[in-house]
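Below, each value reflects all heavy atoms present in this structure, side chains not excepted, and no hydrogens, waters or symmetry copies.
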Amino acid sequence: MLRTFRGGLLIGLAVAVAVAAAAITYERYDTKTLKRTVKRGEVLCGVNKGLPGFSIPDDKGDWSGFDVDFCRAVAAAIFDDPKKAKFVPLDASERFKELQSRKVDILSRNTTWSMSRESNNALYFPAVAYYDGQGFMIPRSRNIDSALDLNNSKVCVQEGTTTVLNVADHFRANNMKYTEVKFAKLEDVLKAYEGGKCDTFTADVSQLYALRLNLIQPSDHVILPDVISKEPLAPVVRQRDDDWMMIVKWTLYAMINAEELGITSKNIDEALKSKKPDVMRLVGTEGAYGEDLGLPKDWAARVIRHVGNYGEVYERNVGEGSKLKIPRGLNSLWSNGGIQYAPPIR
């Protein structure tokens, strides 16, 4: 009787361990994002709570920005409807956890791709959407024009970001001293800077352009020309879900290829009639490239029609057509002096 009880107990424990292991595996390596997204009828997208040019809601709750448009592009590819993207605002400290726990399907939230983030969090960064770098903003009254002249500065920085590590490297490498003033939330960092608790604000250059607009007197502040790090900003998805990763990656690549081919939201109907092989493959009139992703043939045409090519999205949100007016720089196409480059669809 005792042996039978012990045997049953051991079997029960083994089953419990197996179930727990399976639950952990499912938690980290869910492989059904596309199926679940289609069943739900919308893409859940984690975004910044409010970064002008990248992701910000208006007083009616309507979102706009570079990262927002990319989420809409993914929704357009799947549903032929960019309105099927639902935006979930996330702090920097919670973004990876919320993605891992499947509260969102994708992060499109000015997030730097790094080795440790990808390996330690079981995440994929499918492709670089925006090439950025860390810089410094200071009051114009300081009369400083180089990051090498920031010795003994009080530097405001957001904790829990690569920014903290980069600024430490910069000052140490150049034998300079500084006082670190850290806050968990970006809005608190900005308030501290504007309130005089520090005399230097460091963040990605794109963020500095965006956040400067929120200051009472934006023109009283300058962004130094120095860039002290590589900050490749990319969408993020969970590992072990290659079907979903492929859709996210090739949605971005389709937008870049469209710009290179001169296909825009305004001439997409003409492109559908084109007899050029590379155009036909992109818009779906030749080949089965959409089906290979689990999408319709015209998946890329949907993206371009509803959202636009990469250049259109850049210009209206952060480029010359926006309030930020950030030069394309590295984000220009490779054929125009930048490094934006997409593999061909063929």
Side-chain angles (χ1 to χ4, degrees), residues 25-26 28-47 67-82 84-86 96 99-100 102 104-109 111 113-115 117-119 121-130 232-261 263 278-310 313 340-346:
T25 299
Y26 178 71
R28 295 190 69 187
Y29 302 125
D30 176 32
T31 60
K32 301 181 184 297
T33 304
L34 177 59
K35 182 177 180 180
R36 192 172 56 253
T37 298
V38 171
K39 183 177 180 180
R40 185 195 307 124
E42 60 185 5
V43 179
L44 300 181
C45 189
V47 295
D67 291 336
V68 167
D69 275 352
F70 180 69
C71 287
R72 290 193 173 120
V74 174
I78 299 169
F79 299 109
D80 198 18
D81 185 355
K84 295 290 186 178
K86 180 179 179 180
F96 298 134
L99 177 60
Q100 290 166 333
R102 298 188 304 283
V104 295
D105 303 314
I106 177 176
L107 281 182
S108 186
R109 192 202 173 284
T111 299
W113 183 356
S114 71
M115 180 178 177
R117 284 180 168 178
E118 196 164 57
S119 59
N121 296 291
L123 301 174
Y124 277 142
F125 291 70
V128 178
Y130 189 99
L233 307 184
V236 194
V237 298
R238 291 178 290 277
Q239 285 186 11
R240 305 288 180 90
D241 197 351
D242 291 350
D243 291 346
W244 183 247
M245 183 268 291
M246 290 283 283
I247 289 173
V248 172
K249 174 167 65 175
W250 282 99
T251 294
L252 175 59
Y253 285 159
M255 297 167 75
I256 296 171
N257 275 317
E259 181 182 9
E260 185 174 342
L261 293 170
I263 304 173
D278 47 1
V279 174
M280 294 174 69
R281 288 190 292 267
L282 176 65
V283 300
T285 54
E286 179 177 289
Y289 303 101
E291 287 96 326
D292 291 342
L293 294 174
L295 299 174
K297 286 186 176 182
D298 65 342
W299 66 281
R302 293 175 170 187
V303 171
I304 300 161
R305 182 186 304 280
H306 292 300
V307 182
N309 66 32
Y310 182 88
V313 170
Q340 273 295 4
Y341 186 103
I345 296 176
R346 64 173 309 125

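- Here the straight-line distance linking atom CZ of Arg102 with atom NZ of Lys32 works out to 11.5 Å at 0.5 Å rounding.
- When all heavy atoms of Ile304 and Ala258 are compared, the pair lying nearest together is CD1-CB, 3.5 Å.
- Shown here for Ala234 and Ala127, the closest heavy-atom pair between the two residues is CB-O, 3.1 Å.
- Here the closest heavy-atom approach between residue Ala77 and residue Pro296 is recorded as O-CD, 4.2 Å.
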**Message:** Between Ile78 and Val38, does the side-chain contact (heavy atoms from CB on, under 4.5 Å) criterion hold? Intermediate values first, please.
**Reply:** CA-CA 8 Å; Ile78 299 169; Val38 171; 4.1 Å; yes
**Request:** Please assess Asp105 against Trp244 for the test side-chain contact (heavy atoms from CB on, under 4.5 Å), listing each intermediate value before the final yes or no.
**Result:** CA-CA 9 Å; Asp105 303 314; Trp244 183 247; 3.8 Å; yes
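- In this structure, the side chain of Asn257 engages the main chain of Pro343 through a donor-acceptor pair within 3.5 Å.
- For the residue pair Cys71 and Ala85, the shortest heavy atom distance occurs at O-CB, 3.9 Å.
- Asp298 contributes no side-chain N or O that, together with a main-chain N or O of Gly284, makes up a donor-acceptor pair within less than 3.5 Å.
- Counting only distance, with no hydrogens or angles, the side chain of Arg238 and the backbone of Leu99 share a donor-acceptor pair below 3.5 Å.
- A side-chain donor-acceptor contact under 3.5 Å links Gln239 to the backbone of Glu118.
- Judged purely by atom type and a 3.5 angstrom limit, Asp241 uses its side chain to pair as donor or acceptor with the backbone of Thr33.
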**Item:** Full working for side-chain contact (heavy atoms from CB on, under 4.5 Å) between Val313 and Phe70
**Value:** CA-CA 8 Å; Val313 170; Phe70 180 69; over 6 Å; no
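- Taking CZ of Phe79 as the reference point, atom OG1 of Thr37 lies at 6.5 Å (rounded to 0.5 Å).
- Residue pairs satisfying the ring-ring contact (aromatic ring centres under 6.0 Å, His included) criterion with at least one member in residues 280-308, sequence neighbours excluded, are absent.
- Residues Asp278 and Arg281 are not paired through a salt bridge, judged by the lack of any N-O separation under 4.0 Å between the basic side chain and the carboxylate.
- Going from atom CZ of Arg302 over to atom NZ of Lys297 covers 13.0 Å, rounded to the nearest 0.5 Å.
- Every side-chain contact (heavy atoms from CB on, under 4.5 Å) that Met245 has, sequence neighbours left out, goes to Tyr124, Pro126, Val237, Asp242, Lys249.
- Between Val43 and Val74, the closest heavy-atom pair is CG2-CG1, 4.4 Å.
- Formation of a donor-acceptor pair under 3.5 Å by the Tyr310 side chain with backbone atoms of Glu260 is not found in this model.
- Here OG1 of Thr251 is found 15.0 Å from CZ of Arg72. Values are rounded to the nearest 0.5 Å.
- In this structure, the separation between CE on Met255 and CD on Glu259 is 10.0 Å, given to the nearest 0.5 Å.
- Using cut-offs of 30° and 60° for the angle between ring planes, the Trp113 and Phe125 rings count as parallel.
- In plain terms, the two heavy atoms of Gln100 and Asn121 that are nearest each other are NE2-O, 2.9 Å.
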**Request:** Given side-chain contact (heavy atoms from CB on, under 4.5 Å), test Thr111 with Arg117 step by step and report yes or no.
**Result:** CA-CA 10 Å; Thr111 299; Arg117 284 180 168 178; 3.8 Å; yes
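- Although no hydrogens or angles enter the test, the distance criterion places no donor-acceptor pair under 3.5 Å between the side chain of Arg109 and the main chain of Gly46.
- Taken to the nearest 0.5 Å, the CG atom of Leu295 stands 6.5 Å off from the CG atom of Leu34.
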